[in-house]
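In what follows, a single structure is set out as structure tokens and then discussed.
All figures in this text were calculated on a predicted structure; none of them were measured in a lab. Residue numbering restarts at 1 for every chain, and letters A, B, ... go by the order of the sequence lines.
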Amino acid sequence: MSRPGPLSGFPEFLPADRIVEQHVLDTVRRVFELHGFASIETRAVEPLEQMLRKGEIDKEVYVLRRLHAPADEPDSGLGLHFDLTVPFARYVVQHAGQLEFPFRRHQVQKVWRGERPQEGRYREFTQADIDIVGRDTLAFHHEVEVALVMAEVFRALPMPRAEILVNNRKLAEGFFRGVGAEDPPAVLRAVDKLDKLGPSRVAELLQAEAGLSAGAAERCLALAGIRSADTSFVAAVRALGVEHPLLDEGLAELEAVVAAAAARMPGAVVADLKIARGLDYYTGTVYETRLVGHEDVGSICSGGRYDALATDGRTTYPGVGISLGVSRLLGVLVGRGLVRATRSVPSCVLVAVTDEASRERSEHVAGVLRARGIPTEVAPSAAKFGKQIRHADRRGIPFVWFPGAAGEPDSVKDLRSGEQGQADAGTWSPPEADRHPRVVRVDPTTPEEGTR
RNA sequence: GUGGGUGUAGCUCAAUUGGUGGAGCACCUGGUUGUGGUCCAGGCGGAUGCGGGUUCGAGUCCCGUCACUCACCCCA
């Protein structure tokens, strides 16, 4: 093969889109650290038995193997991590002696899953997680906190509105048991397909696969239909007349989360009693996030409360966390043309080169500009100025700098307006908005903005 | 992992019943003797994803494979 091709599920961006990606990563880190989450990174591999415990055998994990391993050598027992929560739980237990609790950390890393790729689903992708773990106990208010930190990230990014949907495992399980379900997880799986299959198909599933009576299925569907941005969902659940201690507990917790979130960031968090997703280690609050107008890509950010994930047998470290699917979000933002970078390179200025003999002069100008924090590159060749200008224009570099002839002042040209004027490298500054590439929303109602 | 659709130039697409692969955009050169985008003229550009098969002859038919994509599964 003469030209290498892409690898399914292992996406790569061109420079302009990478600028968008880095903007998202920078924003995520800035907001996380603004809230005091410390950064950690864990190794890419975990022991398989650690990752796959709790009977989750259907996880598609990539296993590590030495190329020259003899055929009869047992595998390494190591696999690439498929999320950041399980490695984090291991990390907490391993380093518990050196950590202060409650421990709040953020972690932005690649993860790998051996699934069949689709839009927004990759085999290698980046997640950005925040988690807070306590020793023995973890205050409830952190369940509100992590969701609102993510909401703040969404607000800081040029993206469609994101809705953090929240539910509670205890509420769901208590309700399902209250109507006589023997296999609450099966009920959850069926209810979760409500959006996709519709109520009548889900009612069939509930009876066929979860073993519910017709009446019980109907009440589960009624529960799944409940949704509110305030605490009015509590009365709606009560009106269904189901009784169970777990239900009471879950309902109270969800009410507290929604009330607190609504008070601090109205509209950011919505109680939605049909969401069920997340891994099976969640024990209470669960989150899932939809991009309004792009619900078809699924959740871009999810997580929840886990009481028993991290434990060394004697001490348990309950936690709550939420994970942003950076790659999935970017897949939508970039793939659907919702955002773009204002240019494809960091350079704000291209310094033209009059002739190779005077290249040093251009380099000097560039050095002065860079010292003042203005990203600058020097033209690669002393081609005709028309070519050098085009070099800049193609890349979206807004300014071209022309060193003056001996004794003459320099000048700088704004490629968008075409205006050119005298300038001194020691004092000239671009408009703040031009200094670095910006990531902006593309408004589909206005045509692509021209360069002039 | 299961099933369906697709795969022609950098991009978007053509190619009559299998009969020597074209166009637009982009790119390069010149008009424009150093200041881009418009216009005009000219030019470069492909072993039709890859491998095999059927045929006198395959972009076109068959098989395999890889990739993209949709649904399922699962989930960020």
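- Nucleotide B:rA71 carries an anti base; the chi torsion (O4'-C1'-N9-C4 or O4'-C1'-N1-C2) is more than 90° from 0.
- A:Lys413 comes within 4.0 angstrom of a nucleotide base, judged by non-hydrogen atoms across all strands.
- Listed for the A:His35 side chain is no donor-acceptor partner under 3.5 Å among the backbone atoms of A:Val146.
- Nucleotide B:rA23 forms a pair with B:rU12, judged by Watson-Crick or G-U wobble geometry with both contacts under 3.5 Å.
- The C1' atoms of B:rG19 and B:rU60 are separated by 11 Å, rounded to the nearest whole Å.
- Rounding to whole angstrom units, CD of residue A:Gln127 and C1' of B:rC75 are separated by 10 Å.
- With both ends at atom P, the span from B:rG4 to B:rG46 equals 35 Å, rounded to whole Å.
- For A:Arg328 and B:rC75, a side-chain-to-base donor-acceptor distance below 3.5 Å is present, hydrogens and geometry of angles not being considered.
- A donor-acceptor distance shorter than 3.5 angstrom exists from the side chain of A:Gln388 to the backbone of A:Ala383, with no hydrogens or angles considered.
- Between the P atoms of B:rC11 and B:rG30, the separation comes to 27 Å (whole Å).
- Between B:rG18 and B:rG52, the two P atoms lie 24 Å apart (nearest whole Å).
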Could you go through nucleotides 68-70 of chain B and list every protein N or O atom that sits under 3.5 Å from one of its N or O atoms, giving the distance for each pair?
{"from": "B:rC68", "atom 1": "OP1", "to": "A:Ser8", "atom 2": "N", "distance (Å)": "3.4"}
{"from": "B:rC68", "atom 1": "OP1", "to": "A:Gly9", "atom 2": "N", "distance (Å)": "3.4"}
{"from": "B:rC68", "atom 1": "OP2", "to": "A:Ser8", "atom 2": "OG", "distance (Å)": "2.2"}
{"from": "B:rC70", "atom 1": "OP2", "to": "A:Glu119", "atom 2": "N", "distance (Å)": "3.1"}

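- For the pair A:Arg416 and A:Phe399, the cation-pi criterion (under 6.0 Å, within 45° of the ring axis) is fulfilled.
- Side-chain nitrogen and oxygen atoms of A:Ser299 include none within less than 4.0 Å of the OP1 or OP2 phosphate oxygen of B:rC75.
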Output a table of donor-acceptor pairs, distance under 3.5 Å, between side-chain atoms of residues 13-22 of chain A and any protein atom two or more places apart or on a different chain; print 'none' if there are none.
{"from": "A:Arg18", "atom 1": "NH1", "to": "A:Glu21", "atom 2": "OE1", "distance (Å)": "2.9"}

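- The distance from atom CZ of A:Arg121 to atom P of B:rG1 is 12 Å, rounded to the nearest whole Å.
- Nucleotide B:rG42 forms a pair with B:rC28, judged by Watson-Crick or G-U wobble geometry with both contacts under 3.5 Å.
- Nucleotide B:rC75 holds its C1' atom 17 Å from the CH2 atom of A:Trp112, rounded to whole Å.
- Using a 4.0 Å cut-off, no side-chain N or O of A:Arg189 falls inside it from OP1 or OP2 of B:rC75.
- Nucleotides B:rU38 and B:rG57 are separated by 48 Å at their C1' atoms, to the nearest Å.
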- side chain to side chain contact (heavy atoms under 4.5 Å, CB included) between A:Phe88 and A:Leu309, worked out: CA-CA 10 Å; A:Phe88 174 58; A:Leu309 181 60; over 6 Å; no

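- What separates CD of A:Glu115 from P of B:rU2 is a distance of 14 Å, to the nearest Å.
- Taking the P atoms as reference points, B:rG59 lies 15 Å from B:rG7, given to the whole Å.
- In this structure, B:rG1 and B:rC72 make a Watson-Crick or G-U wobble pair, each of the two defining distances being under 3.5 angstrom.
- Side-chain N/O atoms of A:Arg394 include one lying less than 4.0 angstrom from OP1 or OP2 on B:rC27.
- Heavy atoms of A:Gly120 sit under 4.0 angstrom from at least one base atom.
- Annotation: salt bridge (Lys or Arg N to Asp or Glu O under 4.0 Å) contacts involving residues 146-160 of chain A, sequence neighbours excluded, are absent.
- If you take CG of A:Leu188 and P of B:rC75, they are 11 Å apart, rounded to a whole angstrom.
- In this structure A:Asp183 satisfies the salt bridge (Lys or Arg N to Asp or Glu O under 4.0 Å) test with no other residue, sequence neighbours excluded.
- Comparing the C1' positions of B:rA26 and B:rU17 gives a spacing of 36 Å, expressed to the nearest Å.
- The shortest distance between the side-chain N/O atoms of A:Arg123 and the OP1/OP2 oxygens of B:rA76 is not below 4.0 Å.
- We find that CZ of A:Arg113 is positioned 9 Å from C1' of B:rC74, with the value rounded to whole Å.
- For A:Arg416 and B:rU35, the CZ to P distance is 22 Å, given to the nearest whole Å.
- Using modelled atom types, no side-chain atom of A:Arg343 and backbone atom of A:Pro398 make a donor-acceptor pair closer than 3.5 Å.
- In this structure, A:His391 places its NE2 atom 18 Å from P of B:rU35, rounding to the nearest Å.
- A 4.5 Å side-chain heavy-atom check between A:Arg104 and A:His142 finds at least one atom pair inside the cut-off.
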Donor-acceptor contacts under 3.5 Å from residues 319-331 of chain A side chains, at least two apart:
{"from": "A:Ser323", "atom 1": "OG", "to": "A:Asp129", "atom 2": "OD1", "distance (Å)": "2.7"}
{"from": "A:Ser327", "atom 1": "OG", "to": "A:Thr126", "atom 2": "N", "distance (Å)": "2.7"}
{"from": "A:Arg328", "atom 1": "NE", "to": "A:Gly120", "atom 2": "O", "distance (Å)": "2.8"}
{"from": "A:Arg328", "atom 1": "NH1", "to": "A:Val297", "atom 2": "O", "distance (Å)": "3.4"}
{"from": "A:Arg328", "atom 1": "NH1", "to": "A:Ser299", "atom 2": "O", "distance (Å)": "2.9"}
{"from": "A:Arg328", "atom 1": "NH2", "to": "A:Gly120", "atom 2": "O", "distance (Å)": "3.3"}

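- Among the protein residues, A:Lys193 comes within range of the sugar-phosphate backbone only, with heavy atoms under 4.0 Å from sugar or phosphate atoms but none that close to a base.
- Remark: B:rG7 base-pairs with B:rC66. Criterion, Watson-Crick or G-U wobble with two distances under 3.5 Å.
- Using P as the reference atom, B:rC61 and B:rU8 are 14 Å apart when rounded to the nearest Å.
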- Message: Set out, in order, the CA-CA distance, both residues' side-chain angles and the distance that settles side chain to side chain contact (heavy atoms under 4.5 Å, CB included) for A:Tyr317 and A:Phe103, then state yes or no.
- Response: CA-CA 10 Å; A:Tyr317 303 87; A:Phe103 175 51; over 6 Å; no

Quick test: give all pairs of protein nitrogen or oxygen and nucleotides 32-34 of chain B nitrogen or oxygen below 3.5 Å, distance rounded to 0.1 Å.
{"from": "B:rG34", "atom 1": "O2'", "to": "A:Phe385", "atom 2": "N", "distance (Å)": "3.2"}
{"from": "B:rG34", "atom 1": "O6", "to": "A:Thr354", "atom 2": "O", "distance (Å)": "2.7"}
{"from": "B:rG34", "atom 1": "N1", "to": "A:Thr354", "atom 2": "O", "distance (Å)": "2.4"}
{"from": "B:rG34", "atom 1": "N2", "to": "A:Ala382", "atom 2": "O", "distance (Å)": "2.7"}
{"from": "B:rG34", "atom 1": "N2", "to": "A:Ala383", "atom 2": "O", "distance (Å)": "2.2"}

- Worked verdict on A:Met150 versus A:Ile130 for side chain to side chain contact (heavy atoms under 4.5 Å, CB included): CA-CA 9 Å; A:Met150 279 298 181; A:Ile130 47 174; 4.3 Å; yes

